[in-house]
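Notes to accompany the following structure.
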Amino acid sequence: MNVFKDLRSKVVAQLEDMAAAGEIPTGLDFSRVAAEPPRDSSHGDAATNAAMVLSKVAGMKPRDLASLLATRLENLDVIKSVEIAGPGFINLRLDEKFWFEQVGTILKAGTSYGDSDMGQGEKVNVEYVSANPTGPLTVGHARGAVVGDALAALLAKVGYDVCKEYYINDAGNQVNVLANSAYLRYREALGEDIGEIPEGFYPGEYLKDVGKALADRDGDKWLGKEEADWISDVRKFAIDQLLNLIRDDLAALGVVMDVYSSERALVEAGGVDEVMKFLEANDLVYTGVLEPPKGKKPDDWEARPQTLFKSTDFGDDVDRPIKKSDGSWTYFAGDMAYHLDKYRRGFNTMINVWGADHGGYIKRMQAAVTAMTEKKGSLDVKVCQLVNLMRGGEMVRMSKRSGNFITLRSVIDEVGKDVVRFIMLTRKNDASLDFDLEKVVEQSRDNPVFYVQYAHARSCSVLKHSKNEFPDMDLSIEALEQVDLSQLNSEGELSLIRRLCEWPRLLESAGEAHEPHRIAFYLYDLAGELHGLWTKGKDNARLRFIVTDDQDLTQARMALVKATSLVIASGLDVFGIEPAKEMR
RNA sequence: GCGCCCGUAGCUCAGCUGGAUAGAGCAACUGACUUCUAAUCAGUAGGUCACAGGUUCGAAUCCUGUCGGGCGUGCCA
C-alpha cells in the first residue's frame, strides 16, 4: 500500500471524469501529474501539481483548473481539506483516521511493508566486487561490495528478479604473476630460502599459506620443473585458494553472491570468438591505428595496427582495441563476451558496480552492450569513489608496495560488519567517503549508525517496559492492529506516522534511481522523529510512550512504536544489517 | 587537449529525477535532562546553491559557456 500512489490515481480518476464531463479536453497526457508529500509539511499532507502541468495543454489558467479539480477532490471521503496555493498547487489534507489506518497496515505487513511490484519480476543482473583474485579484499573493495549488495536487495524488494554476480578476472596477466608468486612461496614452504620477494611478484604474506597448501597437496612434484610444466596447475590452485579467501572476506561482510563467472571459462568456451563473429557480421570491427593519447607524454608510443571495435558509433570517444598488436585478446574482448553472456542468460538490465579507477571504461562497455544486444539491453554503471580511511581525523596511509594495506577483515574485526555496511551507504556512490574508525563507533547523533540503531533499541526497550507496567496488555501484532489510535493526535505523532507512510514511496524512487544511500538518510530522519517524540515525554508525562495510568493510550502508543521499529528493521534489512535490540 | 564526476551554511553532507520561504549533523550560542536505557531533545544564528546566460508557469536540479577541484585517458586488468 503506497499512500501517495493511491492518491495520485485518485487525482487522475478525477481528471478523467472532468474530461468525460467536458470540463477539460479529452486525451490529455497525465503522466506528469504527481501527488507527493510537500517539502514543507505546513502545506498539508500531500500536494498535486496537476493544474500547473495541465494548464497549457488544457488552455486554462492554472488557478482555474485547480479550483475545478479541488472541488471534486474535496468530495472524496479520505480528504479532509483542500486548498489552492502558490502558482496552482492543490494541497490536500487527509483525514486523521486515514493516517491511523496506515499504522495498522504497517503492522500487518511487518517488514514486508514497502515491498512493491514495480519491477514486475524483470530480471536484473547486479555485478559487483569482481576484485582480481590476487589478494584479500581491502576497504576500497568493501564499498563496492556493500553498495552492490544493498542495491540488489533494494531491487529485489521493489519487485525485480535479481541475480548477484561476481566476475572473476582469471584470464589476464595478473593471474600469471599470482601463479609465479605462489610458486615462489611453494619453494619456500619446501625449505628453500627465497630471500626478498623480487620486483614483479606479489609480496603479500597471505601467499605463504597458498604455497604451503600447494606443498601439502603436491609435495615436491613441481620442484625444478620448467614454468610451462607447472604454470597451469599452480595458477588454478592459487586462484581457487584466493577465491576462497575472498569468499570468506565477503561472508564476513555478509555478502553472498548468487553466481561467480569465470573470464577464463568464458574465453575457453569460445565466447570471444562468438563476439568477433557477431562484430564482423555487423561490420563493427576493423584494423586500424589509434592516435597517441593526449595530455600524457607519448614516451614509448609507436603506431601499431590493432583490431578495433567501432565504439564511436555508439557514443564512445575513440574506437577501442579488442586485440592487442601481438594478436591476443584485450581485457575488453573478454568483458564483451561476458556481457553478451549475461544478456543471453536473460538479463536485459545489467548494473555494474565499479571502482573509481574504471571511470574511463564505462562508455566503451555501454557501447558494447548497445551494439551486441542491438539496443535491447541496457547497462548502468555505478562508480564508487574512494574511501578515505581515517582514525581520529587523521588519514590512515596505506602503502601497496610493501604489501602493507589495510584489509577489509581487519576493519570488520575492529568495528563490526554492520557498522562497515551502514557507513558505506551514507554517501551517494559518486562522492568520496570518509571512514573514520573512531567516529563510526562513537555514540552520538553525529554517527548515523549509532543514531539509527539506538532508535530501534529504544523501541524494543519501551515495548519491554510497557509489558512490565501492564502485564495483561496484549502486544501481539493482531491486537495492536485493532487498537484505536485516535488519541495519537499530537503533531509529533502524526508527523511520525506520515514519515512511516513515505517508506514505500522512498523504496520505489531509490530503486528506480539505483541509489540505496537514500535509505540511510531516510532512516536517520525517521530515527530523529522517534527520539524527538521520546524526549517530549520529559516535559509532559502524558506524552510519554508509557502512561502509567492509561493502558489504552499506552497500547495505542505501542502500536506506533512497534510500527516504527518494523520500518527501521525493514530498512536495515535492505542494508543487510541486524537491528540492535539494546545498546551496550 | 578530450571525456566523466564534483562545486549547496565555517566544516561534513542531504535535497525525493523541474515545485512553494533551499534542509540536517558537527562546531558556536541559549535552554531542558532525578527518565519509558544516560549517550538525547527544543531553540537561535549561519546561504548570491562557484559564476554568466538560456529553456518555462517555476531551476540547486535540465541546456550552453566560464572558473575551480578530483579521476580517467593505446596494446593493464
Side-chain angles (χ1 to χ4, degrees), chain A residues 32 34 36-40 43 47 49 51-53 55-56 61-62 85-89 91 130 132 134 169 171-175 263 289-296 298 301-304 306-308 316-318 320-321 323-328 330-332 334-335 356-363 383 385-386 426-428 430-432 434 442-448 450-451 454 457-458 461-466 468-469 502 505-506 508-510 512-513 515 517-518 520-522 524-525 528 531-539 541 544-548 554 557 561 582-583:
Chain A
R32 289 176 60 215
E36 295 173 328
R39 295 207 169 156
D40 184 340
H43 290 135
N49 60 355
M52 292 177 296
V53 172
S55 72
K56 189 174 253 184
K61 286 184 185 159
F89 283 103
N91 291 333
S130 297
N132 291 338
T134 55
N169 301 139
N173 211 3
Q174 83 268 335
V175 285
E263 179 187 4
V289 177
L290 286 173
E291 293 288 307
K294 301 204 168 114
K296 224 183 186 182
W301 189 90
E302 57 180 284
R304 284 176 190 162
Q306 291 172 275
T307 306
L308 302 172
D316 202 358
D317 311 314
V318 290
R320 304 292 179 176
K323 234 181 209 183
K324 304 178 194 170
S325 50
D326 67 3
S328 62
T330 59
Y331 175 77
F332 181 49
D335 219 0
D357 51 340
H358 288 62
Y361 197 73
I362 298 173
K363 276 192 177 181
V383 170
Q385 292 299 324
L386 294 179
T426 52
R427 288 277 175 279
K428 53 184 166 211
D430 47 17
S432 64
D434 290 346
E442 230 171 58
Q443 301 198 332
S444 74
R445 184 162 189 172
D446 197 20
N447 174 12
F450 163 76
Y451 191 69
Y454 185 39
R458 183 167 258 176
S461 160
V462 165
L463 285 161
K464 200 169 67 191
H465 271 83
S466 73
N468 294 340
E469 192 68 38
E502 282 178 36
R505 189 174 164 274
L506 181 105
E508 289 197 352
S509 65
E512 201 166 9
E515 290 185 350
H517 76 275
R518 291 187 196 181
F521 287 93
Y522 171 81
Y524 185 75
D525 290 343
H531 291 311
L533 264 189
W534 193 90
T535 314
K536 287 218 173 82
K538 283 191 224 170
D539 305 332
R544 290 190 178 188
F545 291 141
I546 297 169
V547 183
T548 46
T554 301
R557 294 241 160 91
V561 167
E582 54 185 11
M583 303 309 285

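None of these values were measured; they are calculated from a predicted model. Chain letters run A, B, ... following the sequence lines, proteins first and then strands; every chain starts at 1.
Pair assignment for B:A60 gives none, since no Watson-Crick or G-U wobble pairing has each distance under 3.5 Å. B:U44 is paired with B:A28 under the criterion used here, namely a Watson-Crick or G-U wobble arrangement in which both key atom distances are under 3.5 Å. Pairing for B:A50 is with B:U66, a Watson-Crick or G-U wobble pair whose two hydrogen-bonding atom distances lie under 3.5 Å. Here B:C2 sits opposite B:G72 as a Watson-Crick or G-U wobble pair (both hydrogen-bonding atom distances under 3.5 Å). The pairing partner recorded for B:U55 is none, the criterion being a Watson-Crick or G-U wobble arrangement whose two distances lie under 3.5 angstrom. Base pairing of B:A38: no nucleotide in any strand meets the Watson-Crick or G-U wobble criterion (both distances under 3.5 Å).
If you check every strand for non-hydrogen atoms under 4.0 Å, A:Tyr361 touches a base. Among the atoms of the strands shown, base atoms are found under 4.0 Å from some heavy atom of A:Ala47. A:Ala356 comes within 4.0 angstrom of the backbone, heavy atoms only, and of no base. A:Ser461 comes within 4.0 angstrom of a nucleotide base, judged by non-hydrogen atoms across all strands. Using a 4.0 Å heavy-atom cutoff across all strands shown, A:Pro321 reaches sugar-phosphate atoms only and no base atom. Nucleic acid contact for A:Gly359: none, since no nucleic acid atom lies under 4.0 Å from a heavy atom of the residue. Looking at heavy-atom distances under 4.0 Å, A:Lys464 makes no contact with the nucleic acid at all. At a threshold of 4.0 angstrom between heavy atoms, the contacts of A:Lys56 are confined to the sugar-phosphate backbone, with no base atom among them. If you check every strand for non-hydrogen atoms under 4.0 Å, A:Glu469 touches nothing. Residue A:Arg458 is in sugar-phosphate contact alone, with no base atom involved, counting any heavy-atom pair closer than 4.0 Å across all strands shown. Within the nucleic acid shown, A:Lys323 has no heavy atom closer than 4.0 Å to any nucleic acid atom. A:Leu290 comes within 4.0 angstrom of sugar-phosphate atoms only, judged by non-hydrogen atoms across all strands, and of no base. Contact annotation for A:Phe89: base contact, defined as any heavy-atom pair under 4.0 Å involving a base atom.
A:Asn169 places no side-chain N or O within 3.5 Å of a backbone atom of A:Asn132 that could act as its donor or acceptor partner. Under a 3.5 Å cut-off, the side chain of A:Ser325 and the backbone N or O of A:Arg304 do not form any donor-acceptor pair. With hydrogens and angles ignored, the 3.5 Å screen pairs no side-chain donor or acceptor of A:Arg445 with any backbone N or O of A:Tyr451.
Along RNA chain B, the nucleotide closest to A:Pro87 and the one closest to A:Ser466 are compared, and the more 5′ of them pairs with A:Pro87. With RNA chain B read from its 5' end, the first of the two nearest nucleotides for A:His43 and A:Pro37 is the one closest to A:Pro37.
Side-chain contact of A:Ser328 with A:Asp326: a donor-acceptor pair under 3.5 Å is present, judged by distance alone.
Side-chain atoms of A:Val53 lie closest to B:G19 of the nucleotides B:A77, B:G19, B:A20. Residue A:Asp446 has its side chain nearest to B:G25 when only B:C75, B:G25, B:A39 are considered. Of the candidate nucleotides B:G19, B:A24, B:A20, B:A20 has the atom lying nearest to any side-chain atom of A:Pro38. In the set B:G74, B:C16, B:A20, the nucleotide with an atom closest to the side chain of A:Arg518 is B:C16.
With hydrogens and angles left out, the side chain of A:Asn91 and the base of B:A20 share a donor-acceptor pair within 3.5 Å. For A:Ser325 against B:C75, a side-chain N or O and a base N or O form a donor-acceptor pair under 3.5 Å. A donor-acceptor contact under 3.5 Å links the side chain of A:Arg505 to the base of B:C16. Judged by distance alone, with hydrogens and angles left aside, A:His358 brings a side-chain donor or acceptor within reach of the base of B:A77, the pair sitting under 3.5 Å.
When the P atom is compared between B:C29 and B:C67, the two are found 42 Å apart, to the nearest whole Å. Across the P atoms, B:G1 and B:G65 are found 14 Å apart, a figure rounded to whole Å.
Taking atom CG of A:Asp357 as the reference point, atom P of B:G70 lies 17 Å away to the nearest angstrom. Atom CZ in A:Arg427 sits roughly 16 Å away from atom C1' in B:C5 (whole-Å rounding). Per the geometry, NZ belonging to A:Lys363 stands 13 Å off P belonging to B:C2, to the nearest Å. Atom-to-atom, CD of A:Glu263 to P of B:C76 comes out at 13 Å; the value is rounded to the nearest Å. In this entry the distance linking OH of A:Tyr522 with C1' of B:C13 reads 20 Å, nearest Å. The CZ atom of A:Arg544 sits 9 Å away from the P atom of B:U35 (whole-angstrom rounding). For A:His531 and B:A38, the NE2 to C1' distance is 13 Å, given to the nearest whole Å. Nucleotide B:G7 holds its C1' atom 14 Å from the CD atom of A:Gln385, rounded to whole Å.
An aromatic stacking contact between A:Tyr454 and the base of B:A39 is absent, as defined here by ring centres under 5.5 Å apart and ring planes under 30° from parallel. Once the 5.5 Å centre distance and the 30° plane angle are applied, the aromatic ring of A:Trp534 is found not to be stacked with the base of B:C41.
Between A:Lys428 and B:C6, a side-chain N or O to OP1/OP2 separation shorter than 4.0 Å is absent. Residue A:Lys324 places at least one side-chain N or O under 4.0 Å from the OP1 or OP2 atom of B:C76.
Taking the six-membered ring for Trp and thresholds of 30 and 60 degrees, A:His358 and A:Tyr361 have ring planes more than 60 degrees apart, a perpendicular arrangement.
Of the inter-residue distances, the one linking A:Leu463 atom CG with A:Ile546 atom CD1 reads 8.0 Å to the nearest 0.5 angstrom.
With a glycosidic angle no further than 90° from 0, B:U17 counts as syn.
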